[in-house]
**Q** 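Submitted below is the structure of interest, expressed as structure tokens.
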Amino acid sequence: MENNLLTICSKCEKIKLNKQWFDRDSYSDYDNQIKTHNLTYGYCPECVEFYQREYQELKKMYQSLRN
């Protein structure tokens, strides 16, 4: 079942294939992959970093408001 999953980043829509992330617009076989795979959503490494930084900034902001 795992081999039949196509992971798409929920934020930037990059596609994960064979442990690598590809830009959706530059991936020529995207339409064929969708037809033959089950879709699952997650976050690519760049978007995970973005959300971690954003979370830390918000956490600092809320802590300063509470003090």
Side-chain angles (χ1 to χ4, degrees):
M1 179 73 176
E2 276 187 34
N3 293 339
N4 198 30
L5 292 177
L6 182 66
T7 303
I8 299 176
C9 179
S10 295
K11 183 177 187 299
C12 69
E13 297 185 349
K14 285 183 182 175
I15 299 164
K16 182 180 181 182
L17 289 170
N18 301 324
K19 299 182 181 181
Q20 291 185 319
W21 290 89
F22 298 93
D23 186 359
R24 176 182 170 177
D25 295 333
S26 65
Y27 187 67
S28 61
D29 200 31
Y30 177 72
D31 291 331
N32 290 331
Q33 292 290 335
I34 285 184
K35 292 175 188 174
T36 60
H37 288 76
N38 293 315
L39 299 179
T40 184
Y41 291 89
Y43 292 100
C44 70
E46 291 89 11
C47 291
V48 167
E49 284 184 35
F50 170 81
Y51 283 122
Q52 285 176 336
R53 283 192 310 270
E54 189 172 281
Y55 170 77
Q56 292 301 325
E57 290 174 17
L58 288 172
K59 186 176 173 182
K60 286 178 188 177
M61 183 181 75
Y62 286 124
Q63 285 175 343
S64 68
L65 290 174
R66 291 172 58 189
N67 294 333

**Q** Could you measure the distance from the OG1 atom of T7 to the CG atom of N38? Nearest 0.5 Å is fine.
**A** 11.0 Å
**Q** Please list, chain by chain and in numerical order, all residues satisfying side chain to side chain donor-acceptor pair (under 3.5 Å) with K14, sequence neighbours excluded.
**A** E46
**Q** According to side chain to side chain contact (heavy atoms under 4.5 Å, CB included), who are the partners of Y62, at least two apart in sequence or on a separate chain?
**A** L58, L65
**Q** For K59, check side chain to side chain contact (heavy atoms under 4.5 Å, CB included) against everything at least two apart and list the hits.
**A** Y55, Q56, Q63
**Q** Same cluster or not: are Y41 and F22 linked, directly or through other Ile, Leu, Val, Met, Phe, Trp or Tyr residues, by side-chain heavy atoms under 4.5 angstrom apart?
**A** yes
**Q** Please go through F50's hydrophobic cluster and name the other residues, only I, L, V, M, F, W, Y counting, with side-chain heavy atoms under 4.5 Å joining them.
**A** Y43, V48, Y51
**Q** What are the two closest non-hydrogen atoms of C9 and C44, and how far apart are they?
**A** SG-N, 3.4 Å
